[in-house]
Student: 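Questions regarding the structure given below will be posed in turn.
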Amino acid sequence: METFLLLGVDSRQRGEQARADTILLATVPEAGGNVHLLSIPRDTYVNVAGHGYTKINHAMSWGGLALLKRTVQDFIGVPVDHTVLVDFEGFRKVVDKIGGLDLKAEKTMHYDDPTDGTAIHIAQGQKLSSGKLALDYARFRNDAEADTGRMRRQQQVIRAMIQQGGKPDNWGRMFKLADIVGEHVKTDVPPREWVRLVMSYAYNKPEQIKTLKIDGVNRISDQDQLWYFFVGDGERQRIHGVLDQLRRGNA
(Lines give C-alpha, C1' and ligand atoms only; values in the text may rest on other atoms or scores of the structure.)
Protein backbone atom coordinates (compact mmCIF):
# COMPACT_ATOMS: atom_id res chain seq x y z
CA MET A 1 0.00 0.00 0.00
CA GLU A 2 1.28 3.46 -0.91
CA THR A 3 0.03 6.90 0.09
CA PHE A 4 -0.20 9.77 -2.38
CA LEU A 5 -0.62 13.39 -1.31
CA LEU A 6 -2.56 15.11 -4.12
CA LEU A 7 -2.42 18.90 -4.12
CA GLY A 8 -4.18 21.42 -6.37
CA VAL A 9 -2.95 25.00 -6.68
CA ASP A 10 -4.09 28.05 -8.62
CA SER A 11 -2.19 28.39 -11.93
CA ARG A 12 -1.97 32.15 -11.40
CA GLN A 13 0.12 31.69 -8.27
CA ARG A 14 3.77 30.68 -8.12
CA GLY A 15 4.18 26.95 -7.78
CA GLU A 16 5.22 25.85 -4.33
CA GLN A 17 4.76 29.34 -2.91
CA ALA A 18 1.02 29.13 -3.58
CA ARG A 19 -1.39 28.00 -0.91
CA ALA A 20 -2.91 24.60 -1.62
CA ASP A 21 -6.48 24.94 -2.86
CA THR A 22 -7.04 21.17 -2.62
CA ILE A 23 -5.40 18.70 -0.20
CA LEU A 24 -6.30 15.07 -0.70
CA LEU A 25 -4.65 11.85 0.48
CA ALA A 26 -5.06 8.65 -1.53
CA THR A 27 -4.10 5.18 -0.31
CA VAL A 28 -3.42 2.89 -3.27
CA PRO A 29 -2.64 -0.86 -3.19
CA GLU A 30 0.27 -1.65 -5.52
CA ALA A 31 -1.48 -4.56 -7.23
CA GLY A 32 -5.06 -3.34 -7.42
CA GLY A 33 -7.84 -3.34 -4.86
CA ASN A 34 -9.72 -0.63 -2.98
CA VAL A 35 -8.49 2.96 -3.31
CA HIS A 36 -9.34 5.22 -0.37
CA LEU A 37 -9.56 9.02 -0.68
CA LEU A 38 -9.31 11.38 2.29
CA SER A 39 -9.93 15.11 1.82
CA ILE A 40 -8.22 17.42 4.32
CA PRO A 41 -9.98 20.81 4.61
CA ARG A 42 -7.59 23.61 3.70
CA ASP A 43 -8.71 25.56 6.80
CA THR A 44 -7.76 22.71 9.17
CA TYR A 45 -6.14 24.07 12.35
CA VAL A 46 -2.74 22.38 12.71
CA ASN A 47 0.73 22.95 14.06
CA VAL A 48 3.11 23.94 11.25
CA ALA A 49 6.71 23.29 12.31
CA GLY A 50 8.52 26.56 12.94
CA HIS A 51 5.36 28.66 12.59
CA GLY A 52 2.90 27.47 15.23
CA TYR A 53 -0.80 26.77 14.85
CA THR A 54 -2.51 28.00 11.70
CA LYS A 55 -4.39 26.80 8.60
CA ILE A 56 -2.82 23.74 7.01
CA ASN A 57 -2.66 25.28 3.54
CA HIS A 58 -0.38 28.06 4.83
CA ALA A 59 2.42 25.50 5.16
CA MET A 60 3.11 25.49 1.42
CA SER A 61 3.41 29.26 1.12
CA TRP A 62 5.90 29.25 4.02
CA GLY A 63 7.99 26.17 3.26
CA GLY A 64 6.93 24.74 -0.07
CA LEU A 65 5.94 21.19 -0.77
CA ALA A 66 8.37 19.76 1.80
CA LEU A 67 6.80 21.65 4.70
CA LEU A 68 3.25 20.84 3.64
CA LYS A 69 4.14 17.15 3.33
CA ARG A 70 5.68 17.21 6.82
CA THR A 71 2.63 19.02 8.22
CA VAL A 72 0.21 16.49 6.73
CA GLN A 73 2.30 13.59 8.07
CA ASP A 74 2.35 15.14 11.55
CA PHE A 75 -1.41 15.68 11.40
CA ILE A 76 -2.48 12.20 10.23
CA GLY A 77 0.34 10.28 11.91
CA VAL A 78 1.33 8.12 8.91
CA PRO A 79 4.05 8.55 6.26
CA VAL A 80 3.33 10.08 2.85
CA ASP A 81 5.08 8.03 0.15
CA HIS A 82 4.54 10.28 -2.87
CA THR A 83 3.45 13.84 -3.62
CA VAL A 84 1.65 15.20 -6.67
CA LEU A 85 1.26 18.96 -7.13
CA VAL A 86 -1.05 19.95 -10.00
CA ASP A 87 -1.92 23.47 -11.08
CA PHE A 88 -5.35 24.32 -12.46
CA GLU A 89 -4.21 24.48 -16.08
CA GLY A 90 -2.56 21.07 -15.79
CA PHE A 91 -5.74 19.58 -14.33
CA ARG A 92 -7.80 20.96 -17.22
CA LYS A 93 -5.37 19.56 -19.77
CA VAL A 94 -5.29 16.09 -18.18
CA VAL A 95 -9.09 15.83 -18.17
CA ASP A 96 -9.26 17.03 -21.78
CA LYS A 97 -6.58 14.50 -22.77
CA ILE A 98 -8.56 11.55 -21.38
CA GLY A 99 -11.76 12.70 -23.09
CA GLY A 100 -13.63 14.38 -20.23
CA LEU A 101 -15.34 12.62 -17.35
CA ASP A 102 -18.31 10.29 -17.22
CA LEU A 103 -19.78 12.32 -14.36
CA LYS A 104 -22.84 14.57 -14.21
CA ALA A 105 -23.24 17.65 -12.04
CA GLU A 106 -25.28 16.98 -8.92
CA LYS A 107 -26.76 20.49 -8.90
CA THR A 108 -26.89 23.79 -10.78
CA MET A 109 -23.90 26.02 -10.02
CA HIS A 110 -23.44 29.70 -10.81
CA TYR A 111 -20.62 31.88 -9.47
CA ASP A 112 -18.71 34.84 -10.94
CA ASP A 113 -15.74 36.70 -9.49
CA PRO A 114 -14.47 39.40 -11.87
CA THR A 115 -11.46 40.08 -9.65
CA ASP A 116 -9.81 36.78 -10.62
CA GLY A 117 -11.76 35.84 -13.75
CA THR A 118 -13.72 33.00 -12.17
CA ALA A 119 -16.89 32.19 -14.11
CA ILE A 120 -18.66 28.98 -13.07
CA HIS A 121 -21.90 28.09 -14.85
CA ILE A 122 -23.00 24.46 -14.73
CA ALA A 123 -26.50 23.02 -15.05
CA GLN A 124 -27.76 20.15 -12.91
CA GLY A 125 -27.22 16.89 -14.78
CA GLN A 126 -24.70 18.42 -17.19
CA LYS A 127 -21.89 16.02 -18.11
CA LEU A 128 -18.39 17.16 -17.19
CA SER A 129 -17.12 16.69 -20.72
CA SER A 130 -14.19 19.11 -20.54
CA GLY A 131 -11.36 20.01 -18.22
CA LYS A 132 -12.87 23.44 -17.51
CA LEU A 133 -16.21 21.97 -16.46
CA ALA A 134 -14.51 19.37 -14.24
CA LEU A 135 -12.35 22.03 -12.56
CA ASP A 136 -15.28 24.40 -12.05
CA TYR A 137 -17.32 21.57 -10.54
CA ALA A 138 -14.48 20.62 -8.17
CA ARG A 139 -13.86 24.22 -7.07
CA PHE A 140 -17.43 25.44 -6.52
CA ARG A 141 -18.34 26.17 -2.90
CA ASN A 142 -20.75 29.08 -3.12
CA ASP A 143 -23.64 27.28 -1.41
CA ALA A 144 -24.77 26.23 2.05
CA GLU A 145 -22.39 23.24 2.13
CA ALA A 146 -19.32 25.40 1.41
CA ASP A 147 -16.09 23.34 1.74
CA THR A 148 -17.97 20.18 2.82
CA GLY A 149 -19.75 19.93 -0.51
CA ARG A 150 -16.65 20.95 -2.43
CA MET A 151 -14.57 18.18 -0.89
CA ARG A 152 -17.25 15.61 -1.71
CA ARG A 153 -17.30 16.77 -5.32
CA GLN A 154 -13.51 16.72 -5.49
CA GLN A 155 -13.59 13.08 -4.47
CA GLN A 156 -16.25 12.41 -7.11
CA VAL A 157 -13.97 13.98 -9.74
CA ILE A 158 -10.88 12.01 -8.66
CA ARG A 159 -12.92 8.80 -8.72
CA ALA A 160 -14.17 9.62 -12.23
CA MET A 161 -10.62 10.42 -13.41
CA ILE A 162 -9.33 7.07 -12.18
CA GLN A 163 -12.15 5.23 -13.92
CA GLN A 164 -11.84 7.22 -17.15
CA GLY A 165 -8.05 6.94 -17.30
CA GLY A 166 -8.24 3.21 -16.69
CA LYS A 167 -10.41 2.52 -19.74
CA PRO A 168 -8.47 0.48 -22.35
CA ASP A 169 -9.12 3.04 -25.10
CA ASN A 170 -7.33 5.64 -22.94
CA TRP A 171 -4.16 3.65 -22.32
CA GLY A 172 -2.42 5.09 -25.37
CA ARG A 173 -3.32 8.62 -24.30
CA MET A 174 -1.83 8.05 -20.85
CA PHE A 175 1.65 7.71 -22.35
CA LYS A 176 1.23 11.17 -23.92
CA LEU A 177 0.75 12.97 -20.61
CA ALA A 178 4.49 13.49 -20.07
CA ASP A 179 4.41 16.98 -21.61
CA ILE A 180 1.61 18.01 -19.25
CA VAL A 181 3.41 16.50 -16.26
CA GLY A 182 6.60 18.37 -17.06
CA GLU A 183 4.96 21.79 -17.28
CA HIS A 184 2.04 21.69 -14.88
CA VAL A 185 2.62 18.79 -12.49
CA LYS A 186 5.36 18.45 -9.89
CA THR A 187 5.66 14.87 -8.67
CA ASP A 188 8.17 12.26 -7.56
CA VAL A 189 6.30 9.55 -9.50
CA PRO A 190 7.72 8.75 -13.00
CA PRO A 191 5.15 9.02 -15.85
CA ARG A 192 5.36 5.31 -16.70
CA GLU A 193 4.64 4.41 -13.07
CA TRP A 194 1.46 6.49 -13.29
CA VAL A 195 0.46 4.54 -16.39
CA ARG A 196 1.08 1.23 -14.59
CA LEU A 197 -1.03 2.32 -11.62
CA VAL A 198 -3.91 3.49 -13.80
CA MET A 199 -3.88 0.31 -15.88
CA SER A 200 -3.96 -1.82 -12.74
CA TYR A 201 -7.34 -0.22 -11.93
CA ALA A 202 -8.80 -0.51 -15.41
CA TYR A 203 -11.42 -3.06 -14.40
CA ASN A 204 -12.16 -1.85 -10.89
CA LYS A 205 -15.79 -1.34 -9.98
CA PRO A 206 -16.92 2.14 -8.84
CA GLU A 207 -17.49 0.87 -5.31
CA GLN A 208 -13.79 -0.04 -5.06
CA ILE A 209 -12.91 3.66 -4.88
CA LYS A 210 -13.94 4.56 -1.35
CA THR A 211 -14.01 7.85 0.52
CA LEU A 212 -12.94 8.69 4.06
CA LYS A 213 -14.10 11.69 6.05
CA ILE A 214 -12.57 13.81 8.80
CA ASP A 215 -15.11 15.02 11.34
CA GLY A 216 -14.58 18.42 12.88
CA VAL A 217 -16.10 21.83 13.60
CA ASN A 218 -15.91 25.03 11.55
CA ARG A 219 -15.77 28.12 13.73
CA ILE A 220 -13.98 31.39 14.38
CA SER A 221 -10.98 31.14 16.69
CA ASP A 222 -11.07 33.07 19.93
CA GLN A 223 -7.32 33.74 19.60
CA ASP A 224 -7.08 35.47 16.21
CA GLN A 225 -10.71 35.77 15.06
CA LEU A 226 -9.99 33.73 11.91
CA TRP A 227 -12.08 30.89 10.48
CA TYR A 228 -10.70 27.36 11.03
CA PHE A 229 -11.72 23.72 10.83
CA PHE A 230 -10.97 22.21 14.25
CA VAL A 231 -10.34 18.45 14.57
CA GLY A 232 -10.36 16.90 18.04
CA ASP A 233 -7.59 14.60 19.33
CA GLY A 234 -9.95 11.63 19.36
CA GLU A 235 -10.85 12.13 15.70
CA ARG A 236 -7.17 12.46 14.75
CA GLN A 237 -6.46 9.17 16.50
CA ARG A 238 -9.36 7.53 14.69
CA ILE A 239 -8.13 8.71 11.28
CA HIS A 240 -4.59 7.62 12.14
CA GLY A 241 -5.88 4.15 13.05
CA VAL A 242 -7.83 3.79 9.80
CA LEU A 243 -4.91 4.92 7.63
CA ASP A 244 -2.42 2.80 9.55
CA GLN A 245 -4.57 -0.30 9.01
CA LEU A 246 -4.83 0.50 5.30
CA ARG A 247 -1.05 0.86 5.00
CA ARG A 248 -0.58 -2.49 6.72
CA GLY A 249 -3.17 -4.15 4.52
CA ASN A 250 -5.48 -4.95 7.44
CA ALA A 251 -8.57 -3.01 6.31
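Quick note: residue numbers are just sequence positions, from 1.
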Student: In Å and rounded to the nearest 0.5 Å, what is the CD to CG distance from Gln126 to Asp136?
Tutor: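 The CG atom of Asp136 is 10.0 Å from CD of Gln126, to the nearest 0.5 Å.
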
Student: Any donor-acceptor pair under 3.5 Å linking the side chain of Asp143 with the backbone of Ala146?
Tutor: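 A pair under 3.5 Å: yes.
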
Student: Would a 4.5 Å heavy-atom cut-off, applied to side chains only, mark Leu68 and Leu7 as touching?
Tutor: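 Touching, per the 4.5 Å side-chain cut-off.
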
Student: For Arg92 versus Leu135, what's the shortest heavy-atom pair and its separation?
Tutor: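 Here Arg92 and Leu135 meet closest at NH1-CD2, 3.0 Å.
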
Student: When rounded to the nearest 0.5 angstrom, what is the spacing between CD1 in Ile158 and CG in Leu103?
Tutor: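 These two atoms lie 11.5 Å from each other.
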
Student: Given the rule in the side-chain contact (heavy atoms from CB on, under 4.5 Å) test, do Asp147 and Asp43 qualify, once you have shown the distances and angles that lead to the verdict?
Tutor: CA-CA 9 Å; Asp147 268 341; Asp43 292 336; 3.9 Å; yes

Student: Which residue, Thr3, Ile239, Ile23, forms the side-chain contact (heavy atoms from CB on, under 4.5 Å) with Leu38?
Tutor: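 Running side-chain contact (heavy atoms from CB on, under 4.5 Å) over Thr3, Ile239, Ile23 with Leu38 returns exactly one hit, Ile239.
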
Student: Return yes if a side-chain donor-acceptor contact under 3.5 Å exists between Ser39 and Gln155, otherwise no.
Tutor: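 Gln155 and Ser39 do have a side-chain donor-acceptor pair below 3.5 Å.
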
Student: Just verifying a value: how many Å separate Glu235 CD and Gln237 CD, rounded to the nearest 0.5 Å?
Tutor: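 CD of Gln237 is found 10.0 Å from CD of Glu235.
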
Student: Among residues two or more places apart or on two chains, list those pairs meeting side-chain hydrogen bond (donor to acceptor under 3.5 Å, both in side chains) that have a residue in residues 66-78.
Tutor: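 As it turns out, there is no side-chain hydrogen bond (donor to acceptor under 3.5 Å, both in side chains) pair with a partner in residues 66-78 once direct neighbours are skipped.
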
Student: Evaluate Arg159 against Thr211 for side-chain contact (heavy atoms from CB on, under 4.5 Å), listing each step before the verdict.
Tutor: CA-CA 9 Å; Arg159 182 187 297 111; Thr211 58; 3.1 Å; yes

Student: Please check if atom NZ in Lys213 has more than 12 non-hydrogen atoms from other residues, nucleotides or ligands closer than 6.0 Å.
Tutor: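 No, the 6.0 Å shell around NZ holds no more than 12 heavy atoms from other groups.
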
Student: Tell me whether Leu101 shares a hydrophobic cluster with Val86, the cluster being built from Ile, Leu, Val, Met, Phe, Trp, Tyr side chains joined at under 4.5 Å.
Tutor: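 Same hydrophobic cluster.
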
Student: Measuring from Ser61:OG to Lys55:NZ, what's the distance to the nearest 0.5 Å?
Tutor: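 Those atoms lie 11.5 Å apart.
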
Student: Is the closest side-chain heavy-atom distance between Tyr228 and Thr44 below 4.5 Å?
Tutor: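 No. Closest side-chain heavy atoms not under 4.5 Å.
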
Student: Can you name the closest pair of heavy atoms from Asp215 and Phe229 and give their distance?
Tutor: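 Heavy atoms of Asp215 and Phe229 come nearest at C-CZ, 3.9 Å.
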
Student: Parallel, tilted or perpendicular for Phe230 and Tyr45, by the 30°/60° rule?
Tutor: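 Aromatic pair Phe230/Tyr45 classed tilted.
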
Student: Got Ile214 and Phe75 here, is their nearest side-chain heavy-atom distance under 4.5 Å?
Tutor: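 Sidechains of Phe75 and Ile214: in contact.
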
Student: Show, in sequence, the C-alpha distance, side-chain angles and deciding distance for Leu212 and Leu243, and conclude whether the side-chain contact (heavy atoms from CB on, under 4.5 Å) test is met.
Tutor: CA-CA 10 Å; Leu212 303 174; Leu243 294 174; 4.0 Å; yes

Student: Would you say Met151 ends up clustered with Val157 if hydrophobic residues are merged whenever their side chains have heavy atoms under 4.5 Å apart, either directly or through other cluster members?
Tutor: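 Unlinked, Val157 and Met151 end up in two clusters.
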
Student: Identify the heavy atoms of Gly131 and Phe91 that sit nearest to each other, and give their distance.
Tutor: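 For Gly131 and Phe91, the tightest heavy-atom pair comes out as O-CE2, 4.2 Å.
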
Student: With a 4.5 Å heavy-atom cut-off, do Arg42 and Asp21 have their side chains touching?
Tutor: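 Result yes, sub-4.5 Å side-chain heavy-atom pair found.
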
Student: Quick one: does Phe4's side chain get under 4.5 Å of Thr187's, heavy atoms only?
Tutor: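 Heavy-atom side-chain distance check fails, nothing below 4.5 Å.
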
Student: Pick one: which of Arg150, Lys132, Arg153, Gln156 meets side chain to side chain donor-acceptor pair (under 3.5 Å) with Tyr137?
Tutor: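 Running side chain to side chain donor-acceptor pair (under 3.5 Å) over Arg150, Lys132, Arg153, Gln156 with Tyr137 returns exactly one hit, Gln156.
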
Student: With a 4.5 Å cut-off on side-chain heavy atoms, are Met109 and Gln124 touching?
Tutor: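 No, too far: nothing below the 4.5 Å cut-off.
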
Student: Would you name the heavy atoms of Leu6 and Ala26 that are closest together and state the gap between them?
Tutor: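 Answer, listing the atom of Leu6 first, then Ala26: CD1-CB, 4.4 Å.
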
Student: Return the orientation label for the Phe140 and Tyr111 ring planes: parallel under 30°, perpendicular over 60°, tilted otherwise.
Tutor: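 The arrangement is perpendicular - the two ring planes meet at more than 60°.
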
Student: Do Ile220 and Leu226 come within less than 4.5 Å of each other through their side chains, counting heavy atoms only?
Tutor: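 In short, these two side chains do not touch, never coming nearer than 4.5 Å.
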
Student: Hey, could you give me the CG/OG1 distance between Leu246 and Thr27, rounded to the nearest 0.5 Å?
Tutor: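 With rounding to 0.5 Å, CG (Leu246) is 4.5 Å from OG1 (Thr27).
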
Student: Side-chain contact, heavy-atom cut-off 4.5 Å: Leu65 with Met60?
Tutor: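 Side chain of Leu65 against side chain of Met60, heavy atoms only: contact under 4.5 Å found.
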
Student: Please walk me through it: do Asp244 and Arg248 pass salt bridge (charged side-chain N to carboxylate O under 4.0 Å, His left out)?
Tutor: CA-CA 6 Å; Asp244 189 55; Arg248 297 172 184 273; 2.9 Å; yes

Student: Is a donor from one side chain sitting under 3.5 angstrom from an acceptor on the other, for Gln154 and Thr22?
Tutor: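 Thr22 and Gln154 do have a side-chain donor-acceptor pair below 3.5 Å.
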
Student: Are Val231 and Val78 connected in the hydrophobic side-chain network, where two residues link if heavy atoms are under 4.5 Å apart?
Tutor: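 Looking at the clustering, Val78 is in the same group as Val231.
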
Student: Verify, without hydrogens or angle tests, whether Gln164 (side chain) and Ile98 (backbone) share a donor-acceptor contact under 3.5 angstrom.
Tutor: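 At least one qualifying donor-acceptor pair exists.
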
Student: Show the nearest heavy-atom pair for residues Asp224 and Ser221, with the distance to one decimal.
Tutor: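 Smallest heavy-atom distance, with atoms named: OD1-CB, 3.3 Å.
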
Student: Could you go step by step and tell me if Gln163 and Ile209 meet the side-chain contact (heavy atoms from CB on, under 4.5 Å) rule?
Tutor: CA-CA 9 Å; Gln163 293 169 339; Ile209 304 175; 4.0 Å; yes

Student: What I want to find out is whether Arg247 reaches Glu2 closely enough, with some N-O distance under 4.0 Å, to be called a salt bridge.
Tutor: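 Salt bridge flag = no for Glu2 with Arg247.
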
Student: For His121 and Asp112, which I'm curious about, is there any donor-acceptor pair between the side chains at under 3.5 Å?
Tutor: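 Yes.
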
Student: First locate atom CG of Asn34, then atom NZ of Lys210, and finally report the distance between them rounded to the nearest 0.5 Å.
Tutor: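 Atom-to-atom, Asn34:CG and Lys210:NZ are 5.0 Å apart.
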
Student: Can you name the nearest heavy-atom pair linking Ala123 to Ala105, along with the distance?
Tutor: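 Taking Ala123 first and Ala105 second, the nearest heavy atoms are O-CB, 3.6 Å.
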
